[in-house]
Engineer: 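Before anything else, here's the structure in question.
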There are 2 protein chains.
Amino acid sequence: MEHKNPIQVAGRLFGALEFLAETGSAGLMEVSAALDLNKTTAHRVLNSLIYMGYARQNAVNGRYESTFKVVDVANRIMGMVDIVQIVRPYLRKLMEATGETVHFVERDGIDAVYIDKVESLSNGIQMVSRIGSRIPLYCSGVGKAMVAEMDEWEIEEIWNNSEIIRLTPYTITDHDDFKAELEEIRERGYALDNEENETGVRCIACSLKEPMGSARHAFSISAPVSRMDNDRIRELADSALKVREEIAEKLRS
Amino acid sequence: MEHKNPIQVAGRLFGALEFLAETGSAGLMEVSAALDLNKTTAHRVLNSLIYMGYARQNAVNGRYESTFKVVDVANRIMGMVDIVQIVRPYLRKLMEATGETVHFVERDGIDAVYIDKVESLSNGIQMVSRIGSRIPLYCSGVGKAMVAEMDEWEIEEIWNNSEIIRLTPYTITDHDDFKAELEEIRERGYALDNEENETGVRCIACSLKEPMGSARHAFSISAPVSRMDNDRIRELADSALKVREEIAEKLRS
DNA sequence: CTGTTTATTTCATATTATGGAACTAATTTT
DNA sequence: AAAATTAGTTCCATAATATGAAATAAACAG
């Protein structure tokens, strides 16, 4: 535990909000139990959230639930991220060309954060990704695509700070394998996630190089293995690389 | 002022977070000034947000900025709103058929809250709508579409509780005009927003009737007046009504 | 180098959050 | 139908926590 929250209630307030966001709705006692709070405290915390408009009490069953206010705050934040607005049309085109779900991420430390998503129209399976959620760099297509562009020392730092876990039988957990993989990515120009993060899902990923400094963004095409044999991979990679070039051009202008 | 926040810091914490979301980034003194806080307090509040992962301090310039954590929380909330997942494919189809931006809202008191949006590909102008943001029922297409389905007493209540403001020269501010408008909507089956909320933008809106009780959701097609003459309105209204029927069928199953 | 602004740390104090207890309302059991 | 259980709300004395003045440090401008 790295020190402690300089404001105790803060943890309780945001904890309650997160709990409501996860559960959809909860009674006072549930919140009280989940956050290990005295019920009076839980009651006060919830009423504070209600006062500020972040929560409400359901009129019919009295249960507490979150409002859309935090959604508004979130979309204010996303509205400031210019790269999303610029890149989205290209990602949409890529989804339409391939018929598969396309993701867009931004690097944050040893993780990538999903900042946009264009879902496949004909999706049988739903991707579990969520805008704002994180995925480790070391075991994701988008992550590896960005890491491949980095300096040796930064790659080492990421590998050493990452908690290497075998998420699936295909997850790369050996340092040498990882470095070999990165070399392959550099040669090919795109990264491949062969069920390394989630069983049954393959991704093709490209990073966007910054004018200077290492890559901060990447996009990927995700599809179930059943639609991703070697031929399809080559086909999709072509589309991805073309789009990557188009975006690069747009960013230069 | 309706009483006061049962937890004083709560207002400061969320105020700081909202401020960072609005400005993109801010120095300590800016936060301190904006929220009228002692700089020590501002510092502690910001550090609490950082501790919880909702904010960070930019490594190069030391300025405070929000992270994507609140975006994650927001999308957790949105993920629980099933109606969005169900309706989205239809709204997408509608956007593709019409080439115009489509919005989806949920009623909340005297407002509608945007809960989904499918943006036009060939958009010249950007709609200022934001997921999570609110629009009054009385002066919006989606709002009027829902109000038209309500009982007399509820319509009165909404009108009386709304702060009627002439947002544009076309905004309906007369009670009788409003009631006449609602009657027209009932006859036509769809609502029209003729620059009543934002100059230069016309909308066609349909509500989704609930199995029982009054309408809680509505969708709309928005376009600049230049692309919305009477002929186009009839054409778009046809598309909208057809999609409304398709959604209704899906919801019955 | 000097003055100025901004950020961080310290600490005594008072305000604020805390939780036990009492109370009410709703739901379930006997 | 009464009793018991559970959930939700209000009250209040107390302790713990957030507060802000002041001191210090760091960054920046002239």
Side-chain angles (χ1 to χ4, degrees), chain A residues 1-67 69-70 213, chain B residues 1-67 69-70 80:
Chain A
M1 196 206 236
E2 44 171 9
H3 280 91
K4 63 167 197 164
N5 198 321
I7 302 177
Q8 191 192 54
V9 256
R12 297 169 172 194
L13 284 158
F14 282 88
L17 187 64
E18 288 167 29
F19 183 70
L20 292 181
E22 274 159 33
T23 56
S25 80
L28 176 65
M29 300 312 282
E30 289 175 65
V31 176
S32 169
L35 306 188
D36 194 27
L37 293 178
N38 178 290
K39 67 175 171 175
T40 308
T41 303
H43 186 253
R44 191 167 352 93
V45 164
L46 289 166
N47 274 297
S48 182
L49 290 175
I50 290 171
Y51 178 85
M52 297 183 293
Y54 284 98
R56 73 170 147 238
Q57 207 167 1
N58 189 302
V60 307
N61 59 19
R63 290 170 69 78
Y64 295 90
E65 45 192 44
S66 55
T67 66
K69 185 161 180 181
V70 72
Chain B
M1 195 206 238
E2 42 171 12
H3 281 93
K4 63 169 197 164
N5 197 321
I7 302 176
Q8 192 191 53
V9 257
R12 297 168 172 194
L13 284 158
F14 282 88
L17 187 65
E18 288 167 28
F19 183 70
L20 292 181
E22 272 159 35
T23 57
S25 81
L28 176 65
M29 300 312 282
E30 290 175 64
V31 176
S32 170
L35 306 188
D36 194 28
L37 294 178
N38 179 290
K39 66 175 170 176
T40 309
T41 303
H43 187 254
R44 191 168 351 93
V45 164
L46 288 167
N47 274 296
S48 182
L49 289 175
I50 290 171
Y51 178 85
M52 297 183 293
Y54 285 97
R56 71 169 150 240
Q57 207 165 2
N58 188 300
V60 308
N61 59 18
R63 290 171 68 78
Y64 295 90
E65 45 192 43
S66 55
T67 65
K69 184 159 179 182
V70 71
M80 312 268 318

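Throughout, a chain's letter reflects where its sequence line sits, starting with A, and its residues are numbered from 1.
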Engineer: Looking at Thr67(A) and Gly53(A), would you say the former's side chain and the latter's main chain have a donor-acceptor pair under 3.5 Å?
Structural biologist: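 Flag set: sc Thr67(A) to bb Gly53(A) pair under 3.5 Å.
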Engineer: OP1 or OP2 of dT6(C) less than 4.0 angstrom from a side-chain nitrogen or oxygen of Tyr64(B), does that happen here?
Structural biologist: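 For dT6(C), OP1/OP2 do not have a side-chain N/O of Tyr64(B) under 4.0 Å.
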Engineer: For the CZ atom of Arg63(B) and the CD atom of Glu30(B), what is their distance to the nearest 0.5 Å?
Structural biologist: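 Between Arg63(B) CZ and Glu30(B) CD, I get 4.5 Å after rounding to 0.5 Å.
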Engineer: Between atom CG in Asn58(B) and atom C1' in dA7(C), what is the gap in whole Å?
Structural biologist: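 About 15 Å, once rounded to whole Å.
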Engineer: Strictly distance-based, threshold 3.5 Å: is any side-chain N or O of Ser25(A) a donor or acceptor partner for the main-chain N or O of Tyr64(A)?
Structural biologist: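 Answer holds: no.
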Engineer: For Asp36(B), does the CG atom sit with more than 12 other heavy atoms under 6.0 Å from it, leaving out its own atoms?
Structural biologist: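 Atom CG in Asp36(B) is not crowded, with 12 or fewer foreign heavy atoms closer than 6.0 Å.
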Engineer: Taking Glu65(B) for its side chain and Gly24(B) for its backbone only, find out whether a donor-acceptor pair lies under 3.5 Å.
Structural biologist: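 Not a single qualifying donor-acceptor pair exists.
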Engineer: If a protein heavy atom is under 4.0 Å from the base, mark B; if only from the sugar-phosphate, S; if neither, -; do that for nucleotides 18-30 of chain D going 5' to 3'.
Structural biologist: SBBBB--------
Engineer: Enter the distance from Leu49(B):CG to Leu46(B):CG here, rounded to the nearest 0.5 Å.
Structural biologist: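 Answer for the CG-CG pair, Leu49(B) versus Leu46(B), is 6.0 Å.
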Engineer: Rounded to the nearest angstrom, tell me the gap between atom OH in Tyr51(A) and atom P in dA17(C).
Structural biologist: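 Nearest whole value for this atom pair: 13 Å.
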Engineer: Over how many whole Å does the gap from Leu46(A) atom CG to dA17(C) atom C1' extend?
Structural biologist: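 Distance check: Leu46(A) CG to dA17(C) C1' gives 15 Å.
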Engineer: Mind calculating the distance between CG (Asn47(A)) and C1' (dT18(C)) to the nearest angstrom?
Structural biologist: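 Spelled out: CG on Asn47(A) to C1' on dT18(C) is 15 Å.
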Engineer: Expected output is a numbered-order residue list: members of residues 21-34 of chain B with a heavy atom under 4.0 Å from any atom of DNA chain C. What is it?
Structural biologist: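 Per residue number, the list reads Gly27(B), Leu28(B), Met29(B).
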Engineer: For the pair Ile7(A) and Leu13(A), evaluate side chain to side chain contact (heavy atoms under 4.5 Å, CB included) and give the outcome as yes or no after the intermediate values.
Structural biologist: CA-CA 10 Å; Ile7(A) 302 177; Leu13(A) 284 158; over 6 Å; no
Engineer: Measure the CZ-OH distance between Arg44(A) and Tyr51(A) for me, rounded to the nearest 0.5 Å.
Structural biologist: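 Between atom CZ of Arg44(A) and atom OH of Tyr51(A) there are 15.5 Å.
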Engineer: At under 4.0 Å, does any side-chain N or O of His43(A) touch on OP1 or OP2 of dG8(D)?
Structural biologist: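 No, outside the criterion.
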